Amino acid sequence: MTTARTLITGGRVLTMDPATGELPCADILVEDDRITAVRPDLDATGVSERIDARGCLVLPGFVDTHRHMWQAALRGSGADQTLDQYFATVLHTLAPQLTADDLHLGNLLSALGALDAGVTTVQDISNVAKPTEEHTDALLDALTSSGLRSVFAYGHGTADDARRVRDRLHHKDSLVTMALNAESGSDESTRRGWALARELDLTTALHVHGGSPVSRLRRLGVLRPGTVFIHGTGMEPGELRLIHDSGGALSVAPAIEMTMGHGLPPFAAAAAAGLRPSLSVDVEVAAPSDMFTQMRAAFQIGRFAALHGHAGPEAPLLTARDVLEFATLGGAEALGMADRIGSVTPGKQADLLVLRTDRPGVAPVHDAVAAVVSSMDRADVDTVLVAGRIVKRAGALRYPGLPRLLAQAEGVRDRLTAR
């Protein structure tokens with residue numbers, strides 16, 4: 001079998017690998033789906049695709065650890081909503097009106113929006129009702145056809161349907177893998193849900209806010225490593241430390257947490273507990289689907305809280321590098337994928353991002369990390385690779401059905417508006 005070889009040349013590489021750091025000018029060789037070399041002046045013999053990254057920044061693709069992807073069909077419809085209004089309008093009123101085709105459209109549109117913005121991995125917290133296998137498959141088919149690396153965190157369906165999906169996604173090296181959205185209910189239903197995760201050998205994800213939800217899971221005997229705890233705002237002292245000690249991870253959605261009223265994103269408390277948080281978009285009904293927005297929100301909120309005493313007297317002051325780590329390697333760690341993605345390291349999957357630095361809103365670049373966090377946006381995303389496959393090149397997303405998809409999205413909007 002012929003090996004596909006792609007060479008990215010002359011870029012300033014932010015490897016996010018602690019052992020390698022930043023390379024002022026280096027090439028990256030990709031063979032099939034993996035990075036095989038990162039150093040200056042690599043041999044271009046036998047290369048089938050060459051990407052000129054001179055004057056650009058090259059870094060690992062962003063990782064979003066919590067997004068309700070089906071809601072892309074409702075983008076922007078809830079920008080002014082509080083959390084209670086979101087529950088009433090989006091989850092209880094609009095969601096039941098969506099067909100299987102609508103759910104497919106939402107997941108696909110969200111996936112393509114992610115790729116367009118340099119987000120190469122998303123954990124899809126699938127919190128929409130799955131009354132039939134058709135609805136489940138519509139969501140899953142969208143992910144598998146998009147080219148995005150994703151974790152389908154199954155929720156709001158039946159145990160038998162979850163088993164069926166697990167059988168379908170049994171290949172560990174597949175771009176789409178599975179987790180379980182293990183939201184807590186009664187003690188009995190919580191034990192059942194987590195028992196299903198153990199049976200299927202799946203990681204888990206759930207929203208936590210206020211009180212002592214992590215201690216409750218420990219009391220019930222279900223707390224296990226690999227769980228992604230979402231938000232973590234307003235919890236009692238010791239809960240974040242318990243996440244750390246149990247081998248769990250924290251996903252913070254700073255933009256939504258502030259605008260919908262979840263509470264102060266717990267960056268300082270996470271640091272005190274030994275947790276490096278990851279970042280997430282959450283709901284596209286009220287937040288942009290790019291990681292630049294999340295990084296800026298995290299940077300601003302984290303520093304404000306520390307500088308004004310809202311995070312305790314010993315709160316560390318977030319740096320731009322901290323935040324870029326949250327969006328890359330931190331996300332990979334949270335999803336249990338740090339051995340495969342999250343840094344530009346030989347042997348890892350080639351999930352890569354090339355950012356232009358020649359736009360007037362970005363140039364000149366004094367500090368490359370600061371430029372990514374404080375100055376850039378999706379318009380600076382030139383090229384994106386997922387598992388070695390180019391999904392965006394020269395600023396253009398490579399998805400031939402995009403015009404038709406956008407027309408379908410407008411049709412969903414018009415139908416819901418008419419109702």
Side-chain angles (χ1 to χ4, degrees), residues 64-75 77-78 86-112 114 122-146 148 150-171 174-186 188-207 227-228 230 280-285 335 405 408-409 412 415-416 419:
D64 177 354
T65 55
H66 152 234
R67 186 187 300 197
H68 305 289
M69 296 179 70
W70 61 274
Q71 295 182 24
L74 308 172
R75 262 189 198 142
S77 63
Y86 160 79
F87 286 140
T89 303
V90 176
L91 296 185
H92 299 148
T93 303
L94 294 176
Q97 300 181 46
L98 298 179
T99 66
D101 287 342
D102 296 338
L103 297 181
H104 180 276
L105 181 145
N107 263 30
L108 183 55
L109 194 60
S110 184
L112 295 178
V122 176
Q123 177 162 239
D124 177 19
I125 307 296
S126 191
N127 68 332
V128 65
K130 300 168 183 62
T132 68
E133 292 183 1
E134 180 188 9
H135 290 79
T136 301
D137 288 343
L139 293 159
L140 198 50
D141 289 345
L143 296 179
T144 56
S145 67
S146 69
L148 178 74
S150 55
V151 180
F152 183 61
Y154 184 98
H156 294 247
T158 67
D160 284 343
D161 195 33
R163 293 184 183 100
R164 184 183 66 86
V165 172
R166 179 66 182 87
D167 289 342
R168 174 175 170 176
L169 297 178
H170 70 282
H171 299 293
S174 170
L175 278 183
V176 184
T177 54
M178 186 179 180
L180 200 68
N181 180 204
E183 302 295 351
S184 295
S186 67
E188 181 183 354
S189 65
T190 298
R191 288 194 179 100
R192 278 200 310 269
W194 290 72
L196 180 63
R198 288 195 302 274
E199 172 196 331
L200 301 180
D201 192 25
L202 298 176
T203 57
T204 46
L206 75 160
H207 297 74
T227 298
V228 177
I230 298 164
S280 57
V281 165
D282 196 349
V283 292
E284 292 177 73
V285 295
L335 297 180
L405 183 70
Q408 290 173 331
V412 172
R415 191 187 80 234
L416 292 175
R419 287 184 180 179

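Computed from a prediction, not measured in an experiment: that's the story for all the values here.
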Is there a donor-acceptor pair closer than 3.5 Å between any side-chain N or O of Ser174 and the backbone N or O of Val176?
yes
Keeping the roles fixed (side chain from Arg75, backbone from Leu109), state whether a donor-acceptor pair exists under 3.5 Å.
yes
Leu335 side chain near Gln123 side chain, heavy-atom distance below 4.5 Å:
yes
Can you name the closest pair of heavy atoms from Met178 and Ala162 and give their distance?
CE-O, 3.4 Å
Nearest heavy-atom neighbours spanning Leu206 and Ser184
CD1-OG, 3.8 Å
Under the criterion side-chain contact (heavy atoms from CB on, under 4.5 Å), I'd like the reasoning laid out for Asp137 against Arg164: C-alpha separation, chi angles, the key distance, then a yes or no.
CA-CA 10 Å; Asp137 288 343; Arg164 184 183 66 86; 3.1 Å; yes
Atom pairs and distances, donor-acceptor, side-chain atoms in residues 125-134, under 3.5 Å, two or more places apart:
from: Ser126; atom 1: OG; to: Lys130; atom 2: NZ; distance (Å): 2.9
from: Asn127; atom 1: OD1; to: His68; atom 2: ND1; distance (Å): 3.1
from: Asn127; atom 1: OD1; to: Trp70; atom 2: NE1; distance (Å): 2.8
from: Lys130; atom 1: NZ; to: Ser126; atom 2: O; distance (Å): 2.8
from: Lys130; atom 1: NZ; to: Val128; atom 2: O; distance (Å): 3.0
from: Lys130; atom 1: NZ; to: Gly155; atom 2: O; distance (Å): 2.7
from: Thr132; atom 1: OG1; to: Glu134; atom 2: N; distance (Å): 3.3
from: Thr132; atom 1: OG1; to: His135; atom 2: N; distance (Å): 3.3
from: Thr132; atom 1: OG1; to: His135; atom 2: ND1; distance (Å): 2.6

Quick check: closest heavy atoms across Ala409 and Leu105, and the distance to 0.1 Å?
N-CD1, 3.4 Å
For the student: nearest non-hydrogen atoms of Ser145 and Ala142, plus distance:
OG-O, 3.2 Å
Those residues that, when tested against Asp160, pass salt bridge (Lys or Arg N to Asp or Glu O under 4.0 Å) (two or more places apart)
Arg163
At their closest point, which heavy atom of Met69 faces which heavy atom of Asp124, and how far apart are they?
N-OD1, 3.2 Å
When you measure from the side chain of Asn181 to the backbone of Ala205, do you find a donor-acceptor pair of N or O atoms at a distance under 3.5 Å?
yes
Could you tell me whether a side-chain N or O of Thr89 sits under 3.5 Å from a main-chain N or O of Tyr86, the two making a donor and an acceptor?
no
Starting from the C-alpha separation in whole Å, work towards a yes-or-no answer on side chain to side chain donor-acceptor pair (under 3.5 Å) for Ser280 and Thr65.
CA-CA 5 Å; Ser280 57; Thr65 55; 4.6 Å; no
Run Trp194 and Thr227 through side-chain contact (heavy atoms from CB on, under 4.5 Å) and show every step you take.
CA-CA 11 Å; Trp194 290 72; Thr227 298; 3.5 Å; yes
Can you tell me if Thr93 uses its side chain to pair, donor with acceptor, with the backbone of Ala88 under 3.5 Å?
yes
Gap between atom CG of Leu196 and atom OG1 of Thr158 - 0.5 Å precision:
9.5 Å
Closest approach of Leu108 and Ser146, non-hydrogen atoms and distance?
CD1-CB, 3.8 Å
Salt bridge (Lys or Arg N to Asp or Glu O under 4.0 Å) partners of residues 98-110, not counting sequence neighbours, each pair once
Asp102-Arg415
